[in-house]
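What you see is a predicted model, and the numbers here were worked out from it, not measured in a lab. In what follows, chains carry the letters A, B, and so on, assigned in the order in which the sequence lines appear, proteins first and then strands, with residues in each chain numbered from 1.
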Amino acid sequence: MAEIDASVRVRYAPSPTGALHLGGARTALFNYLFARQKGGRFLLRIEDTDRSRFKPGSQASIEEGLQWLRMTWDEQPVVQSERKETYQQAAAVLLESGAAYRCFCTPARLEQMRAEQRARHEPERYDRRCRSIPKHESEARAAAGERFVVRQAMPIEGTTTFHDLVMGTVTFRNDTLDDHVLLKSDGFPTYHLAFAVDDHDMRISHVIRGDGWLPSAPKHLLLFQAFNWLPPAFAHLPLVLGPDKKPLAKRHGAKDVLEYREAGYLPEAVDNFIAFLGWSPGTEQDIFTLDELIKAFDLSKIQASPAIANLERLDWLNGQFIRRLNPEELASRLAPRMPEAAAEALKPLVPLVQERLRTLNEGPDMLRFFFEEPVLSKPEQLIPKGRDAAAASSALRMAVSTLSALPDWTPEAIDPALRGLAEKLGWPSRDLFMTLRVAITGRTVTPPLIESMSRLEKERSLTRLESAASILDSKAA
RNA sequence: GGCCCGUUCGUCUAGCUGGUCCAGGACGCUGCCCUCUCAAGGCAGAAAUCAGCGGUUCGAAUCCGCUACGGGCUACCA
């Protein structure tokens, strides 16, 4: 399908300002899938040049999210704040060649300039006042300690065109490009400079990133040209919107993928889900393992329009993946959520719930009655419609005597015995089963009754039936 | 305002080189079957005048243009 290209090197480059949310995870996943398919490398880069937005712990949390989703990166993550000198040297190169210049304008002047532009309904852009400062003067002022930033000198005319792997051919008029800042007065680079320098140093072959970057792509291309470097290929991903149609990344409290782990989702389901946000293999298969995704992935099949995350589909997918797990595996994933249950005790119970779980978190609720005595908070649930407490109580007692006479405690023995009892009582078997179900589990929605009883042990089952009968008696009295 | 990008069932989408699409699949929804509850599973169904308008063509969801709407960017943020 896809030919191996070991020169493929891609990266996911989050800034450590928060958690890994679904949109970010998808960007990472597309990079990951592409790299693995081509036999290339998937790298990580931490874009922490903005000290004011830095959040301690964010990097660790993002890495944990990636690992949970089974995305492993290949080399030591590159951390931009550790490369300050490299960027400064790069800026010096551009200063020397004239592709960039020092700007001594103060923030106050820039603000005033923009206000005037606004008033005149002009585009708000740097007016390039410092671009004409002679080099020797610029150098002298810098040497004298005057604060400055370094700006990229954009071409005044012409157009910049590039072919985007997702968006197609995109053309920008150069006279609309701003002489943006490359190096801040604190000596840190802006995204643009760091991006070009790092992607070059890391030998990145394909830049797969959110389409928020599309408008600055021509600047980035021009930067590569200014350095005389071969630019990478670009693929801009449409964003992922929440159910409210607001970009996920911007929504207040965008969900950390680790919250999906807490909520009982399987990483393979989440991977499958986010892969289909804006991408489709073009076939009718909709359940993919990570390996299958790697094989099927195709950048050119990515949709150019934004996708809304349909969380109901995630629920369904999760159920599909839970059903595909082998029972031992499911047991081990359930175990951490059920500290009260011994791992060995859990295993035989898993087949009872595997078909009915949508999330791992539903397991404890469904299986709780095996590990603790049920509380009959609604004893009226023991009584079938149209009957009374006395009838239900006596049905329970008859069930006790019928069942206690059984030589074997197996579903094969319990089932016919109870059906026989229902017939004898003149009850529909569903009514009898519901009465017993509530007595045994305390709930109306449970795993199959017969199987549950057989695994509960005979004594415990009979005791619960007995005590349910007593509750009914005291209620009737 | 300027610059870019987008627009197929409620949602994710198939549809890429025009006819086999009066538009296919999936989630969700409705009904039926199965059934000890709930699920799962099976079957059936409702659901998109392919944003609108013009053009090219024998023929357009598919090509072109315009308009509308949506979105992104427009910081010494990333």
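As judged by a 4.0 angstrom heavy-atom cut-off over every strand, Gly278(A) is placed among residues touching the sugar-phosphate backbone only. Residue contacts for Pro107(A): at a heavy-atom cut-off of 4.0 Å it reaches a base atom on one of the strands shown. Here Thr171(A) lies in heavy-atom contact (under 4.0 Å) with sugar-phosphate atoms only. Within 4.0 Å of Leu183(A), counting heavy atoms only, lies no atom of the nucleic acid at all. Counting any heavy atom pair closer than 4.0 Å across all strands shown, Ser52(A) reaches no nucleic acid atom. Residue Thr190(A) is in sugar-phosphate contact alone, with no base atom involved, counting any heavy-atom pair closer than 4.0 Å across all strands shown. At the heavy-atom level, Pro411(A) lies nowhere under 4.0 Å from the strands shown. Nucleic acid contact class of Phe172(A) (heavy atoms, under 4.0 Å, all strands): sugar-phosphate only. Residue Val149(A) is in base contact, counting any heavy-atom pair closer than 4.0 Å across all strands shown.
The P atoms of C64(B) and G2(B) are separated by 24 Å, rounded to the nearest whole Å. Across the P atoms, G70(B) and A75(B) are found 23 Å apart, a figure rounded to whole Å. Nucleotides U35(B) and G6(B) place their C1' atoms 48 Å apart, quoted to the nearest Å. Atom C1' of G41(B) sits at a distance of 29 Å from the matching atom of A48(B), rounded to the whole Å. Here the separation of C21(B) from C16(B), taken at their P atoms, is 11 Å to the nearest Å. Here the separation of U30(B) from U67(B), taken at their P atoms, is 44 Å to the nearest Å. Annotation: C53(B) and U62(B) have their P atoms spaced 12 Å apart (nearest Å). Distance noted for atom C1' between C76(B) and U13(B): 43 Å (whole Å).
Counting heavy atoms from C-beta on, the side chains of Val149(A) and Thr190(A) never come closer than 4.5 Å. Contact annotation: the side chain of Phe371(A) approaches that of Leu349(A) to within less than 4.5 Å [non-hydrogen atoms, C-beta and beyond]. Residues Asn174(A) and Ile156(A) have side chains not in contact (no heavy-atom distance under 4.5 Å, counting atoms from C-beta outward).
The stretch residues 115-123 of chain A comes close to RNA chain B through His121(A), Pro123(A), each having a heavy atom under 4.0 Å from the strand. Residues of residues 442-453 of chain A having a heavy atom closer than 4.0 Å to RNA chain B, listed by number: Thr444(A), Val445(A), Thr446(A), Pro447(A), Pro448(A), Leu449(A), Ile450(A), Glu451(A).
If you check A75(B), G41(B), C12(B) against the side chain of Ile308(A), the one that comes closest is C12(B). The listed nucleotides are A40(B), G24(B), U13(B); the one nearest the side chain of Ser280(A) is U13(B). Ranking G6(B), G25(B), C76(B) by closeness to the Val181(A) side chain, first place goes to C76(B). Of the candidate nucleotides A75(B), C4(B), A26(B), C4(B) has the atom lying nearest to any side-chain atom of Val170(A). In the set C76(B), C3(B), A78(B), the nucleotide with an atom closest to the side chain of Arg173(A) is C3(B). Listed nucleotides G72(B), G6(B), C12(B) differ in distance to Leu239(A); the shortest reach to its side chain belongs to G72(B).
One finds a side-chain N or O of Gln303(A) lying less than 4.0 angstrom from the OP1 or OP2 phosphate oxygen of A14(B). Here Gln320(A) reaches the OP1 or OP2 of G41(B): one of its side-chain N or O atoms lies under 4.0 Å away. Contact between the side-chain N/O atoms of Lys301(A) and the OP1/OP2 oxygens of U13(B) is not found at any separation under 4.0 Å. Here Arg151(A) reaches the OP1 or OP2 of C76(B): one of its side-chain N or O atoms lies under 4.0 Å away. In this model, the phosphate group of C73(B) is not approached by any side-chain N or O of Lys219(A) to a distance below 4.0 Å at OP1 or OP2. Distances shorter than 4.0 Å separate none of the side-chain N or O atoms of Lys55(A) from OP1 or OP2 on A78(B).
If you find the closest nucleotide of RNA chain B to Ser15(A) and to Ala307(A), the one lying nearer the 5' end belongs to Ala307(A). Nearer to the 5' terminus of RNA chain B, by closest-nucleotide assignment, is the contact made by Met167(A) (compared with the other of Met167(A) and Arg437(A)).
Pair check for A75(B) finds none; no Watson-Crick or G-U wobble contact set falls under 3.5 Å. Across all strands shown, G41(B) pairs with C33(B); the Watson-Crick or G-U wobble distances both stay below 3.5 Å. Taking a pair to require two hydrogen-bonding distances under 3.5 Å in either a Watson-Crick or a G-U wobble arrangement, U17(B) remains unpaired. Across all strands shown, A60(B) forms no Watson-Crick or G-U wobble pair with both key distances under 3.5 Å. Across the strands present, A47(B) finds no partner; the criterion is a Watson-Crick or G-U wobble pair with both atom distances under 3.5 angstrom. Figure legend. A26(B) is base-paired to U11(B); pairs are counted as Watson-Crick or G-U wobble with both atom distances under 3.5 Å.
A 6.0 Å sphere centred on CD of Glu157(A) holds no more than 12 heavy atoms belonging to other residues, nucleotides or ligands. Surrounding CZ of Arg129(A) are at most 12 heavy atoms belonging to other residues, nucleotides or ligands under 6.0 Å away.
Counting to the nearest Å, the C1' atom of A75(B) and the CZ atom of Arg125(A) are 15 Å from each other. Taking atom CD of residue Gln152(A) and atom C1' of nucleotide A75(B), one finds them 16 Å apart after rounding to whole Å.
Using cut-offs of 30° and 60° on the angle between ring planes, the pair His192(A) and Trp213(A) is perpendicular.
Remark: Arg151(A) qualifies as a cation-pi partner of Tyr126(A) under the 6.0 Å distance and 45° angle criteria applied to the six-membered ring. For the pair Arg464(A) and Phe369(A), the cation does not sit on the ring face, since its NZ or CZ is not both under 6.0 Å from the ring centre and inside 45° of the axis.
Every pair passing salt bridge (Lys or Arg N to Asp or Glu O under 4.0 Å) that includes a residue from residues 181-190 of chain A is listed here, sequence neighbours excluded: Arg51(A)-Asp186(A).
Of the charged side-chain nitrogens involved, at least one lies within less than 4.0 Å of a carboxylate oxygen, so that Asp127(A) and Arg109(A) count as a salt-bridged pair. Between Arg45(A) and Glu82(A) there is no salt bridge, since none of the side-chain N atoms of the basic residue sits less than 4.0 Å from a carboxylate O of the acidic one. Electrostatic pairing of Glu268(A) and Arg333(A) counts as a salt bridge here, judged by a charged N lying under 4.0 Å from a carboxylate O.
Of the options Asp48(A), Asp50(A), Asp198(A), a side chain to side chain donor-acceptor pair (under 3.5 Å) to Gln80(A) is made by Asp198(A) and by none of the others.
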Determine all donor-acceptor pairs shorter than 3.5 Å in which one atom belongs to a side chain in residues 306-313 of chain A; sequence neighbours excluded.
none

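Applying the side-chain contact (heavy atoms from CB on, under 4.5 Å) test to Val445(A) and every residue at least two apart in sequence or in another chain returns nothing.
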Let's go through Glu451(A) and Arg455(A) carefully: what are the C-alpha distance in whole Å and the side-chain angles of both, what is the deciding distance for salt bridge (charged side-chain N to carboxylate O under 4.0 Å, His left out) to 0.1 Å, and is it a yes or a no? CA-CA 6 Å; Glu451(A) 279 76 12; Arg455(A) 285 169 172 78; 5.9 Å; no
Between the protein and nucleotides 28-35 of chain B, are there any N/O to N/O pairs under 3.5 Å, and if so, what are the atom names and distances?
residue : atom : partner   : partner atom : Å
G28(B)  : OP1  : Arg358(A) : NH2          : 3.0

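Looking at Thr176(A), its side chain has no donor and acceptor atom pair within 3.5 Å of the base of C3(B).
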